[in-house]
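One structure is given below, encoded as structure tokens.
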Amino acid sequence: MALDSKVPKGPIKDKWTDYKNHIDLVNPANKRHIDIIVVGTGLAGGSAAATLAELGYNVKAFAYQDSPRRAHSIAAQGGINAAKNYMGDGDSTYRLFYDTVKGGDYRSREANVYRLAEVSSNIIDQCVAQGVPFARDYGGLLDNRSFGGVLVSRTFYAKGQTGQQLLLGAYSAMNRQIARGKIEMFNRHEMLDVVKVDGKARGIIARNSITGEIERHSAHAVVIASGGYGNVYFLSTNAMGSNVTAAWKIHKKGAYFANPCYTQIHPTCIPRSGDYQSKLTLMSESLRNDGRIWVPKNMEDVMAIREGRKKPTDLSEEERDYYLERRYPAFGNLVPRDVASRAAKERCDAGYGVNATGEAVYLDFAAAFVRYGSEQAKIKGINNPSKEEVIKLGQEIIEEKYGNLFQMYEKIIAENPYETPMMIYPAVHYTMGGVWVDYNLMTTVPGLYCIGEANFSDHGANRLGASALMQGLADGYFVLPYTIGDYLSDDIRTGKIPTDTKDFDEAEKEIKDKIDFFVNNKGTKSVDYFHKKLGKVMWDKCGMSRNAKGLKEAMVEIKAIREEFWKEVSVPGGSNEMNPELEKAGRVADFLELGELFAKDALTREESCGGHFREESAEESGPQKGEAKRNDKDFAYVSAWEYKGEPADAVLHKEELEFKDIELKQRSYK
Ligand SMILES: Cc1cc2nc3c(=O)[nH]c(=O)nc-3n(C[C@H](O)[C@H](O)[C@H](O)COP(=O)(O)OP(=O)(O)OC[C@H]3O[C@@H](n4cnc5c(N)ncnc54)[C@H](O)[C@@H]3O)c2cc1C
């Protein structure tokens, strides 16, 4: 099947407006006869469900947690971008568009990204109207801060809890519709398959995770908003429950999966502490606004710190290597995430890591304490303040901005980051790859949509900080509610979709058979055993840098783990009860297939771009020596994979990317 991105014609700045002016609409009376299923109630699904219900559709919303408030979106810390130009620093829709396409290393679809930048401002107005308590400056106006990869301040934030506050906004909007009966909320329900009728998505099969009952639900369209798949690595900053199942199941039913190898490894996470860890913790990128990243210049100091003979604060400025400021003077500590992560890895691989495992660099706020403290002393009219007074005043400002993050760090590491620099190391954080969608956010299955982190989205090969929340809410509040109407306008006379049909029977049987297999297999190894094994292969061979040899090995090794899983997996408990191990087994089974496709995708893409660094494709000389080398001639496309049984047999379809409004350049942050 040829991929049609359905991008409207015309100048980029008019596309979305023209599109909205010409699509078919469903009149309010007819919306009452149309059902929509939304799988996922994080920021993407929650905003979509609330908006679709407000428009008059009947929405059935599903989440595996006990409340929409527990979606992984709640963890988002740093902020959300919008081109409001409140700081008067030259921001505009075009600049946000440009930064996002450049940040994604020119591997995203221009028209979608422009639309995202265009609606970004509406998101802030919508959320403020809902009462989201964004940070404000002294005069009461909304405040902004900077994130990596940009030269303006356009990030709106609510301390280090932006996702939580935005989710409460979306959740309140949903609750209004739940109370009106326009949203039927199915908490603790896991979607396990999509049901197609005559080629169109017409329903889902879900498991009630409290009773174990398998349920059939029908609708005129299905929206998947199930989040990202970073947990394929086992250890990541994602919520423990985040998984690929919904996205993978629709892939198996005909939705192409795009760019699975594009993963974001975030530079500022708390380093791993040992083999028994099940979760990693992010320290928001916003900290790089004020924190400076460094390792010791001299190996003797590295060893002295590791052995406890010296403290980081003992080292003078001259003894420190602020390697990001040294290598990238224009962007310094605010280079994009992929660049900052690789630079940390480079220093640690060279032996300069500062903790016992050799996998940590410092994030230091000492200079910010002095900078803010001196300013505060002036504002408060304190003449000749002592050094201690200045630092204290500066720490108060830092506490206002990032207090909860400092507290979280201290709780986990048992060190006070006001007194000693934080230790950080890159960790898996976000997946730019996902289900392929066209301009309407529809997958290759008619009537099946995918939004938020679950789709391959607008971030190309690398997402800029604070752009995921923007994209999820743009999709849910402002894009999908238009595009889905255009599709549903053909369904006003369809009537209820029955669930007592062969298509539902078959889908349900397949699910029941798999569940029976898991609870009866009585193998010798736990689900986590396989997940950890998969995660190690992923991290070692599909991690921050990749090469052909490692990727080929990864494909073979993942297949072998998968085969062992189906023989040896042990799932305690039964199927007609709450059984978290059973839920995990289904999710890990899907990760074990996705992992192999991931490696295959990475192997096929013989260029470096964004988070995908192929060792064979690095600049060999000149000022960019060692940096990623893109190959636009051969690889300026989206890889969209069609399911054909074994992941190794998946068929590649290419969506060629056209750049009419941005010149393709080497991405330099020097
Ligand atoms: C620690 C951390 C901090 C972050 N900070 C920021 C930030 O500051 N700014 C930013 O822009 N981005 C940030 N991100 C990224 C951002 O939080 C996510 O990309 C975004 O929240 C994803 O939203 P979503 O709605 O697509 O998915 P999620 O919030 O993951 O929601 C997924 C939903 O799908 C449901 N679901 C999944 N599978 C099924 C199934 N099979 N059946 C039923 N329901 C299902 C879940 O129950 C849940 O409701 C951060 C990410 C992390 C890990």
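Counting starts at 1 for both ligands and their atoms, in listed order.
Atom CD of Glu577 has more than 12 neighbouring heavy atoms from other residues, nucleotides or ligands inside a 6.0 Å radius.
Those atoms of ligand 1 that come under 4.0 Å of a heavy atom in Gly78, given as number and element, are 7 (C), 8 (O). Near Leu282, with a cut-off below 4.0 Å to any heavy atom, the atoms of ligand 1 are 1 (C), 2 (C), 3 (C). Listed by number with element, the atoms of ligand 1 under 4.0 Å from a non-hydrogen atom of Ala71 are 29 (O), 31 (O), 48 (C), 49 (O). Listed by atom number, the atoms of ligand 1 under 4.0 Å from Ala44 heavy atoms are 25 (O), 26 (O). Those atoms of ligand 1 that come under 4.0 Å of a heavy atom in Gly40, given as number and element, are 33 (C), 34 (O), 35 (C), 49 (O). For ligand 1, the atoms lying closer than 4.0 Å to a non-hydrogen atom of Ala76 are 3 (C), 4 (C), 5 (N), 6 (C), 7 (C), 13 (C), 17 (O). Using a 4.0 Å cut-off to heavy atoms of Tyr430, the atoms of ligand 1 that qualify are 19 (O). Atoms of ligand 1 lying under 4.0 Å from any heavy atom of Asn238, numbered from 1 in the order shown and given with element: 53 (C).
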Please determine whether side chain to side chain donor-acceptor pair (under 3.5 Å) holds for the pair Ser236 and Asn231, giving the CA-CA distance in whole Å, both sets of side-chain angles, and the decisive distance to 0.1 Å.
CA-CA 6 Å; Ser236 91; Asn231 281 347; 2.7 Å; yes
**Request:** List the steps and the verdict of side chain to side chain donor-acceptor pair (under 3.5 Å) for Asn187 and Asp66.
**Result:** CA-CA 5 Å; Asn187 292 319; Asp66 59 352; over 6 Å; no
Practice item. Go through Gln177 and Glu54 one step at a time and tell me if the side chain to side chain donor-acceptor pair (under 3.5 Å) criterion holds. Key: CA-CA 7 Å; Gln177 303 303 331; Glu54 179 74 43; 2.7 Å; yes
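Under a 3.5 Å cut-off, the side chain of Gln471 and the backbone N or O of Gly452 do form a donor-acceptor pair. Looking only at distances, no side-chain donor or acceptor of Asn175 sits under 3.5 Å from a matching main-chain atom of Ala173. Within the 3.5 Å criterion, the main-chain N or O of Gly103 finds a donor-acceptor partner in the side chain of Asn462. Here the side chain of Lys279 pairs a donor or acceptor atom with the backbone of Thr237 at under 3.5 angstrom.
Note: Phe62 and Phe186 have parallel aromatic rings, judged against thresholds of 30 and 60 degrees for the angle between ring planes. Between Tyr402 and Phe406, the two ring planes are parallel [angle under 30°; tilted spans 30° to 60°].
In summary, Asp99 and Arg95 do not engage in a salt bridge, as defined by a charged side-chain N under 4.0 Å from a carboxylate O. One finds a salt bridge joining Arg587 and Glu190 here, because a Lys/Arg side-chain nitrogen approaches an Asp/Glu carboxylate oxygen to under 4.0 Å.
Residue contacts with ligand 1: His189 is included, with a non-hydrogen atom under 4.0 Å away. Heavy atoms of Ser284 come nearer than 4.0 angstrom to ligand 1 in no pair at all. Contact annotation: Gly79 has at least one heavy atom less than 4.0 Å from an atom of ligand 1. Ligand 1 lies within reach of Thr237, whose nearest heavy atom is under 4.0 Å from it. The closest approach between a heavy atom of Ser467 and any atom of ligand 1 is below 4.0 Å. Close to ligand 1: Ala75, with a non-hydrogen atom less than 4.0 angstrom away. In this structure, Thr162 has no heavy atom closer than 4.0 Å to ligand 1. Distances shorter than 4.0 angstrom occur between a heavy atom of Ala225 and an atom of ligand 1. At least one heavy atom of Thr41 sits less than 4.0 Å from an atom of ligand 1.
Distance from atom 27 (O) of ligand 1 to its nearest protein heavy atom, with residue and atom name: Gly227 CA, 3.4 Å. From the protein, the heavy atom lying nearest to atom 29 (O) of ligand 1 is Ser73 OG, 2.5 Å. Atom 11 (O) of ligand 1 has its closest protein heavy atom at Leu469 N, 2.8 Å. For atom 12 (N) of ligand 1, the closest heavy atom belonging to the protein is Ala468 CB, 3.4 Å. With hydrogens left out, the protein atom closest to atom 2 (C) of ligand 1 is His429 CE1, 3.3 Å, a heavy atom. For atom 39 (C) of ligand 1, the closest non-hydrogen atom of the protein is Tyr64 CD2, 3.7 Å. The protein heavy atom nearest to atom 47 (O) of ligand 1 is Gln65 OE1, 2.4 Å. Nearest non-hydrogen protein atom to atom 18 (C) of ligand 1 is Glu453 OE1, 3.3 Å.
Under 4.0 Å from ligand 1, the heavy atoms of Arg463 that appear belong solely to its side chain. Neither the backbone nor the side chain of Ser242 comes within contact range of ligand 1; no heavy atom lies under 4.0 Å. No part of Arg70 comes within 4.0 Å of ligand 1, judged by heavy-atom distances.
Between the side chains of Ser153 and Ser146, at least one donor N or O lies within less than 3.5 Å of an accepting N or O. Under 3.5 Å, the side chains of Asp590 and Thr245 contain a donor-acceptor pair of N or O atoms. Between the side chains of Arg337 and Gln264, at least one donor N or O sits under 3.5 Å from an acceptor N or O.
For the pair Arg145 and Tyr157, the cation-pi test (distance below 6.0 Å, angle within 45°) is passed. The cationic atom of Arg216 (NZ for Lys, CZ for Arg) does not lie both less than 6.0 Å from the six-membered ring centre of Phe504 and within 45° of the ring axis.
One option in Gln161, Met432, Met191, His459 has a heavy atom closer to atom 40 (C) of ligand 1 than any other, and that option is Met191.
Considering backbone and side-chain atoms alike, Met470 places every N or O at 3.5 Å or more from each N or O of ligand 1.
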